[in-house]
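Everything below concerns the one structure shown next.
Below, all heavy atoms of this structure are taken into account, side chains as well, without hydrogens, waters or symmetry copies. Numbers here simply count residues along the sequence, with the first being 1. Because the structure is a prediction, the values reported are computed rather than measured.
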Amino acid sequence: MNSDIQIFSEFENPALTYTLDFVFEEVLGLRYQLTLQSDSLDFGLPLVNYSNLDLNGLQIQPSNYLRTESFFETPNSTDKSWYGLPVIFESKGHIPFDVFSAIFFLLSRAEEYNSPATDQHGRFLAENSWAFRNKVLERPIIDEWIEAFKKDLKEKIGDFPFKKHSYQWINTYDIDVAYAHLYRPLKRALGGAFKSGLAGDLERVQKRLKVLAGKEKDPFDTYDYQQDITYNNSSKNIYFILSGGNSSYDNALALHHPGMIELIERLKERSEIGIHPSYDSINQIEILRKEITQLKDVLGGKIVSSRQHFLRLQLPDTYRNLISNKIENDFSMGFPHHIGFRSGTSRVHKFFDLKANQATSLKLYPLQIMDGTLIDYMKLKPEEAIEKVSGIVERTKSVNGVLVTLWHNHILEEGSAWRRVYEKLSEMARLK
């Protein structure tokens with residue numbers, strides 16, 4: 001195979017190969033040749049020197065992080081910067097830090113393995129991430145590093161036919177509770193009406209009774225509104241359907257219910273359907289397998305995309321189980337506590353299993369913006385949320401990345417102030 005560029009390194013391992021594949025092939029679109037012996041260098045090819053040896057080309061001095069595969073060590077903080085960007089794994093060379101180790105550290109989510117600090121749902125805290133502590137969680141820092149790297153490549157060893165990326169917007173929904181009142185057991189529906197009456201909320205009682213009598217639309221049935229706003233403006237729409245679970249955090253209508261079957265048929269006409277594994281499926285492969293099988297039976301086709309309920313991840317088990325069940329794409333790579341770029345990038349990237357020390361086939365999609373994050377965790381008012389998400393959209397567009405947004409149908413019920421945020425975000429995020 002003809003190569004565009006040559007990389008010299010005194011070591012090779014799966015982590016380095018994964019990182020070079022991501023940087024050079026997936027992002028830059030360059031064919032690279034890795035050379036491990038200095039006397040085997042092809043001096044007819046432009047050279048990136050990833051070693052401490054004094055060679056021609058663009059030099060990046062490696063830290064011990066990738067070489068020794070010390071993945072669970074926390075990198076030292078530094079006050080140095082590069083093109084105004086914060087760095088980790090500081091070193092000497094033309095580039096003042098080990099950019100390959102830095103990229104791998106963030107992509108692999110090494111800092112999330114074995115973390116003692118989690119929230120009540122066992123989730124890694126965004127506040128403990130390197131990106132949050134260094135005030136770059138709301139920036140695609142890896143993409144910005146690679147843009148700066150391109151500048152140094154041009155300056156030191158020549159111009160290249162870099163890959164041109166196109167901005168994409170994937171608008172997604174989690175359907176935790178498909179309907180507020182419809183298709184609920186009669187005893188439960190009447191009980192809910194009774195409770196609302198005792199609380200003095202007569203308007204809610206009337207609303208519920210009108211819905212049950214077929215005189216009014218269920219307030220959570222916002223599906224036509226969702227698609228009318230986004231269908232022609234986004235690259236893709238995906239609905240993740242909660243399909244089981246027995247915990248207090250799972251309240252889904254049974255998939256085999258005629259009302260749920262009708263809804264899935266309705267949604268799949270214009271959108272992809274994915275699995276939304278239940279709360280306890282985080283590390284329970286049999287639960288996951290059962291839920292995927294149930295949804296496949298109703299859908300009548302393959303399920304290739306998934307997003308964890310409550311964004312609960314236990315690395316690497318959750319992703320290993322998805323792979324075992326032939327899931328190809330995961331959309332859980334976002335923090336519930338803060339919007340931004342959890343793995344440091346707006347690019348789709350493969351999951352690297354640190355405990356197995358190998359790259360996998362599972363594609364991880366960035367999840368930058370979730371309605372619940374803005375409302376429940378960041379406690380923003382609608383106008384504040386519009387201003388906040390605009391920066392995420394613009395930074396994703398600036399690197400021609402992939403923007404993934406997440407909404408819940410119940411947030412968008414008629415009269416909700418958050419419809420204004422949904423519509424404004426859709427306007428900002430739309431494809432040009």
Side-chain angles (χ1 to χ4, degrees), residues 121-123 170-185 188 218 220-223 226-227 236-314 317-334 336 362-363 365 367 370-372 404 406-412:
H121 301 293
R123 301 175 300 191
I170 302 177
N171 195 38
T172 69
Y173 307 88
D174 284 352
I175 309 303
D176 301 336
V177 183
Y179 297 100
H181 310 309
L182 280 180
Y183 310 124
R184 296 290 176 182
R188 184 171 178 178
D218 190 280
F220 288 4
D221 184 356
T222 59
Y223 307 107
Q226 296 161 20
Q227 296 196 342
K236 182 188 291 188
N237 287 277
I238 308 176
Y239 283 89
F240 293 97
I241 309 293
L242 186 63
S243 52
N246 298 312
S247 80
S248 59
Y249 300 105
D250 302 299
N251 193 26
L253 188 63
L255 283 180
H256 62 267
H257 191 287
M260 202 66 200
I261 293 173
E262 185 276 331
L263 175 61
I264 291 173
E265 288 295 318
R266 175 177 157 197
L267 295 177
K268 77 177 186 180
E269 290 181 4
R270 302 173 74 183
S271 305
E272 180 185 339
I273 303 297
I275 185 77
H276 194 39
S278 63
Y279 188 87
D280 289 330
S281 73
I282 180 173
N283 58 2
Q284 302 292 322
I285 192 168
E286 290 304 324
I287 292 176
L288 177 64
R289 182 175 293 118
K290 179 181 178 182
E291 293 176 7
I292 291 175
T293 299
Q294 289 175 338
L295 184 56
K296 283 170 64 177
D297 289 344
V298 172
L299 185 63
K302 288 178 60 178
I303 301 293
V304 297
S305 297
S306 175
R307 176 158 52 229
Q308 291 299 119
H309 192 30
F310 275 69
L311 300 182
R312 297 183 81 214
L313 289 175
Q314 182 174 301
D317 297 342
T318 304
Y319 282 157
R320 285 179 176 177
N321 292 345
L322 290 178
I323 294 167
S324 295
N325 281 280
K326 296 182 171 55
I327 295 297
E328 299 172 8
N329 312 305
D330 176 77
F331 287 79
S332 311
M333 191 45 65
L362 183 65
K363 294 179 181 177
Y365 282 73
L367 170 60
M370 179 174 74
D371 53 6
V404 178
L406 162 56
W407 290 88
H408 294 79
N409 54 303
H410 66 275
I411 295 295
L412 298 173

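In summary, the side chains of Glu291 and Ser281 do not present any donor paired with an acceptor at a separation below 3.5 Å, with no hydrogens or angles considered. In this model, a donor atom of one side chain and an acceptor atom of the other lie less than 3.5 Å apart for Ser247 and Asp250. Between the side chains of His181 and Asp218, no donor N or O sits under 3.5 Å from an acceptor N or O. No hydrogens or angles considered: nothing links the side chains of Gln314 and Thr318 as a donor-acceptor pair under 3.5 Å.
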Given Gln226 and Leu412, is the side chain to side chain contact (heavy atoms under 4.5 Å, CB included) satisfied, shown in steps? CA-CA 8 Å; Gln226 296 161 20; Leu412 298 173; 3.9 Å; yes
Ring pair (Phe, Tyr, Trp, His ring centres under 6.0 Å), that's the test. Do His121 and Tyr249 meet it? Break it down for me. CA-CA 10 Å; His121 301 293; Tyr249 300 105; 5.0 Å; yes
For the pair Leu255 and Ile261, evaluate side chain to side chain contact (heavy atoms under 4.5 Å, CB included) and give the outcome as yes or no after the intermediate values. CA-CA 7 Å; Leu255 283 180; Ile261 293 173; over 6 Å; no
Decide yes or no on side chain to side chain contact (heavy atoms under 4.5 Å, CB included) for Leu322 and Glu328, but give the supporting numbers first. CA-CA 8 Å; Leu322 290 178; Glu328 299 172 8; over 6 Å; no
The test is side chain to side chain contact (heavy atoms under 4.5 Å, CB included); show your working for Gln294 and His256 and say whether it passes. CA-CA 8 Å; Gln294 289 175 338; His256 62 267; over 6 Å; no
Output a table of donor-acceptor pairs, distance under 3.5 Å, between side-chain atoms of residues 297-306 and any protein atom two or more places apart or on a different chain; print 'none' if there are none.
residue: Ser305; atom: OG; partner: Glu272; partner atom: OE2; Å: 2.7
residue: Ser305; atom: OG; partner: Asn329; partner atom: ND2; Å: 3.3

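For the pair Arg312 (side chain) and Tyr279 (backbone), a donor-acceptor distance under 3.5 Å is present. Panel note: side chain Arg270, backbone Asn237; no donor-acceptor pair is recorded below 3.5 Å. Distance alone, capped at 3.5 Å, is enough to place a donor-acceptor pair between the Asp330 side chain and the Ser332 backbone.
Shortest non-hydrogen contact noted between Gly244 and Ser278 is O-CB, 3.5 Å. Counting all heavy atoms, side chain and backbone alike, Tyr239 lies closest to Gln227 at CE1-NE2, 3.3 Å. Annotation for Gln308 and Pro277: closest pair OE1-CG, 3.5 Å, computed over non-hydrogen atoms.
In terms of the ring pair (Phe, Tyr, Trp, His ring centres under 6.0 Å) criterion, residue partners of His257 (sequence neighbours excluded) are, by chain and number, Tyr183.
In summary, of the residues considered (Tyr179, Tyr173, Tyr223), a side-chain hydrogen bond (donor to acceptor under 3.5 Å, both in side chains) with Asn409 occurs for Tyr223 alone.
Residue Ser243 holds its OG atom at 8.5 Å from CD1 of Ile264, rounded to the nearest 0.5 Å. Taking OG1 of Thr172 as the reference point, atom CZ of Phe240 lies at 5.5 Å (rounded to 0.5 Å). Here the CG-CG distance, from Leu362 to Asn321, works out to 11.0 Å after rounding to the nearest 0.5 Å.
Checked for salt-bridge contact, Asp174 and Arg307 meet the test: a charged N lies under 4.0 Å from a carboxylate O. Under the 4.0 Å criterion applied to side-chain N and carboxylate O atoms, Glu265 and Lys268 are assigned as salt-bridge partners.
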